[in-house]
Amino acid sequence: MKLLSRKNRDLLSERECDDISRRITELTEQLADVRTNFDFVTDERAIDALIYEENALLCKIESLNREARERGIRIEPFNQR
């Protein structure tokens, strides 16, 4: 995930911006893995667990995106497949 621009540059360190971007990237990769697993499970409980995990990851990604916006960091939009 690439950092596009920053407002309030004096309030944020490069490390903070990179950390938020890295965390979003990691969560996005985990989400892709979870979505891939839907193709391989048929058990109802396993499907429910994947749905729960998918929703949790989406909430974490949205929370980090909100934090980035509040801190004036603009990042590439998350691509939901």
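Values reported hereafter were calculated over all heavy atoms of this structure, with side chains retained and with hydrogens, waters and symmetry mates removed.
- In summary, D18 and R15 do not engage in a salt bridge, as defined by a charged side-chain N under 4.0 Å from a carboxylate O.
- Here E29 pairs with nothing under the side chain to side chain donor-acceptor pair (under 3.5 Å) rule; sequence neighbours left out.
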Result block: side-chain N/O donor-acceptor pairs under 3.5 angstrom for residues 50-64, not counting sequence neighbours:
from, atom 1, to, atom 2, distance (Å)
E54, OE2, R35, NE, 2.7
E54, OE2, R35, NH2, 3.4
N55, ND2, I51, O, 3.4
E62, OE2, R69, NH2, 3.4

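- Within the 4.5 Å cutoff, the side chain of Q30 has heavy atoms near those of the L27 side chain.
- In this structure, CZ in R22 is found 13.0 Å from SG in C17, a value given to the nearest 0.5 Å.
- Residue T28 holds its OG1 atom at 11.0 Å from CG of D33, rounded to the nearest 0.5 Å.
- The side chain to side chain donor-acceptor pair (under 3.5 Å) contacts involving residues 37-49 comprise nothing, where partners must be two or more places apart or lie in separate chains.
- Salt-bridge formation is not detected for the pair E70/R66: no Lys NZ or Arg NE/NH1/NH2 atom is positioned less than 4.0 Å from an Asp or Glu carboxylate oxygen.
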